[in-house]
Every structure is written in C-alpha cells, then in structure tokens.
2 protein chains.
Amino acid sequence: MNQPMSLPGTPPVSIQALKTSCSACSMHQLCLPMGLEDADINRLDQIIGRRRRLARDERLYQMGEPFGSLYAVRFGHFKTYQVNAAGEAQITGFQMAGELLGMDAISGTHHCDAVALEDSEVCEIPFSRLEELFGEVPALLRHFHRIMSQEITREQNVMLLLGNMRAEQRFAVFLVNLSARYAARGYSPTSFQLRMSREDIGNYLGLTIESISRLLSRFKKQGWIQVDKREVTLLDPAKLKAVAAGTDVCSPA
Amino acid sequence: MNQPMSLPGTPPVSIQALKTSCSACSMHQLCLPMGLEDADINRLDQIIGRRRRLARDERLYQMGEPFGSLYAVRFGHFKTYQVNAAGEAQITGFQMAGELLGMDAISGTHHCDAVALEDSEVCEIPFSRLEELFGEVPALLRHFHRIMSQEITREQNVMLLLGNMRAEQRFAVFLVNLSARYAARGYSPTSFQLRMSREDIGNYLGLTIESISRLLSRFKKQGWIQVDKREVTLLDPAKLKAVAAGTDVCSPA
DNA sequence: CGAGAACTTGACGCTTTTCAAGTTGGGTGG
DNA sequence: CCACCCAACTTGAAAAGCGTCAAGTTCTCG
C-alpha cells in the first residue's frame, strides 16, 4: 500500500528512462541542488549515477566498504547504524527523502551500515565526479559544506539527547523531530507512520523496546498522541514540544 | 607551570612576528595542511588570519554568533558544548593541538560554545578565503572534506558510547581515546594531565561528577591507573582497551 | 490457518543519580 | 606567612529510573 509501485529485479525500462532530472524531483528544494540555477542543476544531473532501488531490509552499504558515492534518498526511509567491537549496534540516524547518506565515509571507508526501512530509492552520486563539479559550481560546494555542517550539528543534538535527557523527553524530541521533517516535505506534521520498529526507536534513543512501548502507552493515556500500530497522530503538539524542550516537568507514571 | 609563557593583554611584539607559518608549526602533520606540498602550504599561510590567545575559561565563540572563521588549535585545550532550551549543557567534544574548531557553524551561525580549558592559542582561518583557496588547491579541499567526515564519524562514536555503554566502559573509552591522541602528538600515551574538570568529563560522558569520582577511585583500586589530582597514569593500557572495547566483562564494585 | 515476529504489560532488580557530609588544595587578604 | 575561603573533589547512603526477565497479545505473512 505504502510502497511505490513495483520493484522489479531488473529495470523494466532503459536506464535512460529511469533517470529523472533533479529539477523534476520533488525533493530538489531540500536535496543537494537546493538553490542552484537551472544550468547548474543540469550539470549536477549529468553526473548523477544510476538510481538504485532497495527493498525493505536491503543494505545500501556496509561498514568497511571503500567509499565511492554519496546517496540522496529519493523516496523511502533508511537507518544508519554503527557496530562496535563487542557487536553492539547503535542507530545513528533515520534518513528520509531529500537527505544525504554516506558523508561519514568521505574519509575513505564506510563507518556505518545503511539499511532501507521500506522499499526505497536513492540517487547515486559518484563523489569523484562531484568533486570535479565543485570546481566549476561554487554554489554547489558551498551548499555541500552547509549540509555536512548541519549533519555535525544534528549529531551534536543527539549527543545532547543521549547525554542529558530522560526517557520521556527523548521520546518527545523524537516525535517532534519527525513531525518537523514531514512538515518540511509537505506531509502532515501531526499524523504520520513510524517506518521503524519500536526496537529501532529504542536503540536510537538509548532505551529498550519495552521503554518505548511504555512511553507510547503513557503518551496515549495522557492524551498527547494517538497510536494504532505504527500510525501516530500528535494530539497535543504544543505539549510535546514543551516536553521536548524540557520547559515542561516530567509527569509521574 | 604548565602554561606557555606569559599571556599579556596586548601583544608584546608585532602581529607579523606572531605569525608563524604552518610549515614551522609542530602540528602541520595533523592539521589542515596535512599532506600539502610546500608551495600550497605557503598559500594556506597567506590566508591564515591573526593568531589568538585565550586565557583559561575564555570563550572563543558562542552559540548564535554568525560564522566567519574556523579555528585550528595551536596549543592548549578547548571544550565545545551545546545548551538547550532548558539551559542544560552537553559537552560535545574536547579539542587539542592540531584539531579544528567551528565546523558545525559553516551552516551559518555557531551552534555551540567553545571555551579554553587552559591558556591556549588558535589560528584563525577566515572561511571565505579558505573557500577561495579550495578552487586553487584541490588537495586542500579533499583534506578538508576528510576532516569534516572524520568529525561526523567521531560524533557517531560518541553516540554509540552514550547510547549503549555502561559507565565503566564509557570512562575506559575516554581514557584510551585521550591516550591515543596524545600519542599521535608525540606525548606519552600512558601519562598525561586531564585538562578538564571531573564535572566536564561527567557531562561529556553522560554521567555525574560523583560517578566520575567513583570510577577514578575504582580504576585506581583495580590497579589499572594511578591518579594524583588531574595527573593520570595508565598502568594497564591493555586492560583498559579491553574494557573500552567491551570484550572484557564489567568488574563488580 | 498457523507460526513467528512485533509489540505490550507487569514485577523485580541493578546501575546510576540524588542528596548529604565531608576532605583537600589553591588563592587571597590580613 | 598564616588563616581563611571557596572551588574541586571524594565518599557514603538512599532513591529513582530504566533495564531485565517473563508472560501474554496482536499482527503479519506465507
């Protein structure tokens, strides 16, 4: 139902036909081409490699693989996670349409795995070709730096969340953040589907699956949200924002 | 005693004399000029702004300030921290000689504060001039991207630490990390001074000051380290690495 | 329709925090 | 030079929050 048409093993049409230009992509206001002039967008189009479809749970790249390309999410959702020596995983982020994957790998090899949370599609951006273009389109380079900088800031916000916040506040931050990102993409900020499992949410927020389940129940009981399976509706966004900001005291169980 | 000479309010010598070239800097193998040819290092030298000295607790930049420059630490140590709406702070990193400050601000404004942990000095790198140089020295641009990418990876490692590790493991990771960074700078990997307070360490690791104090005492009692005020000696680095990697079970109190 | 995955809920226990009361050391003023 | 003071740190006891374990329910998919 929520999956985008068919997912053939081999492309049903020619590669050329599959190639949709950045200017025609609904995400071009959020993605790499943001703010570029038409002529420059076309140059970017030239270097975009094949688009790649991934089924649910399929891996885009893996820790240790040599770096070659960045990936822009066209549709669908991804999670990225690190695994340490002891085999424990930590989800470092959830990515949706218009967001860039693979920036941690520019140093040489991938430092995390990226896995599709649902049937998804990415644009492959060969980095060596992008580097060539940087010399010719300064605006592109500048925007690329902004994107990397924002990724650093995003991760610092997660550090703040994991280091300083209680479970309730973490979860509120999570919901408010999803809401804002869907809003930026033209979707409802108050009603959306969680594309990740409770376990993934818990891992990302430094909590257990049981804690997430309890938080969902508690938020529901408080009347802040409505939950049906993975469908969530924010009934009191202002309250959630206050809890997320920490300006609202925690409620007792 | 550990502080580098005098710290006059006004420069005792001319600005020109203060300007030391990158090639003469002991950190050039770790810092921005890494891997550049001599000619290109000289070009980088040209754009480096004034060096700036900061006393202990002095602030280099603050959240909300407009972005203008990156800063390379010449000597001394810094901490960077975020503050959320509720006024809670989270230290996002400790920076030492050869490391770059301010990458989170490229998006437009600073998203954290940077404060000197001791009397320190930085090289100011006006970003607009650096951008100009990117077009002329591709090797510099490539290295800059590597540095930003490594910063992203570093933060993902902190997320793993905050999200998945117990106090003992977090603290072992912290010590082992400091040890490796001092080793890379030619200092002893087993004996060094903590430049930050217990409170700063606790904040960074998502723990309280009391927990840090207890961990230090416990590690000392185990014979893994020796502690005298802020002077630390790693007596059993292999053990600490094992605890940090999680391949060693936690010991009882 | 059946099996397994995903999720929920409750009881209990452990890790870490909180609160409290010191101790130590560096810096300052008399 | 010493006494004093405050910041930084240490240590203990009690409490809280979240994890662990366990059992059960619901949903999904073959």
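Note on naming: letters A, B, ... go to the chains in the order of the sequence lines (proteins, then strands), and numbering restarts at 1 for each one. This is a predicted model, so every value here is computed, not measured.
When each of A/Arg230 and A/Arg214 is assigned the nucleotide of DNA chain C bearing its nearest heavy atom, the one mapping closer to the 5' terminus is A/Arg230. Take the nearest nucleotide of DNA chain D for A/Asp228 and for A/Ser211: the residue whose nucleotide is more 5' is A/Ser211.
When distances run from any side-chain atom of B/Ser213 to the nucleotides C/dC7, C/dT16, D/dC9, the shortest one goes to D/dC9. Here C/dC19 is the nucleotide among C/dT8, D/dT28, C/dC19 with the atom lying nearest to any side-chain atom of B/Glu210. Looking at the side chain of A/Ile209, the nearest of the listed nucleotides D/dC27, C/dT8, D/dC18 is C/dT8.
Using a 4.0 Å heavy-atom distance criterion, A/Gly206 is classed as a sugar-phosphate-only contact.
The CD1-C1' distance, from A/Ile212 to D/dC18, rounds to 11 Å in whole Å. Atom CG of A/Leu215 is separated from atom P of C/dT9 by 12 Å (rounded to the nearest Å). Distance A/Met196 CE to C/dA6 C1': 15 Å, rounded to the nearest Å. Going from atom CE of A/Met165 over to atom P of C/dT17 covers 16 Å, rounded to whole Å. One atom, CZ of B/Arg218, and another, P of D/dG12, lie 13 Å apart when rounded to the nearest Å. Whole-Å rounding puts the B/Leu194 CG to D/dC9 P distance at 9 Å. At whole-Å resolution of the value, CG in B/Leu216 and C1' in C/dT23 are 16 Å apart. One interatomic measurement links the two molecules: CG of B/Asn164 to P of D/dC18, which rounds to 16 Å at whole-angstrom precision.
The phosphate of D/dT11 (OP1 or OP2) has a side-chain N or O of B/Ser217 nearer than 4.0 angstrom. Applying the 4.0 Å criterion to OP1 and OP2 of D/dA8, one finds that B/Ser197 has every side-chain N and O outside that range. Within the structure, every side-chain polar atom (N or O) of B/Thr208 is placed at least 4.0 Å from both OP1 and OP2 of C/dT16.
Of the residues listed (A/Glu99, A/Glu118, A/Arg56), the one engaging A/His77 in a side chain to side chain donor-acceptor pair (under 3.5 Å) is A/Glu118, and it is the only one.
Using a distance-only test at 3.5 Å, with no hydrogens or angles considered, a donor-acceptor pair links the side chain of B/Tyr61 to the main chain of B/Gly102. Remark: the backbone N or O of B/His111 is paired with a side-chain donor or acceptor of B/Asp104 at under 3.5 angstrom.
For the pair B/Trp224/B/Leu235, no side-chain contact is recorded, criterion being any heavy-atom separation below 4.5 Å from C-beta on.
A salt bridge between B/Glu124 and B/Arg52 is absent, with no side-chain N of the basic residue lying under 4.0 Å from a carboxylate O of the acidic one.
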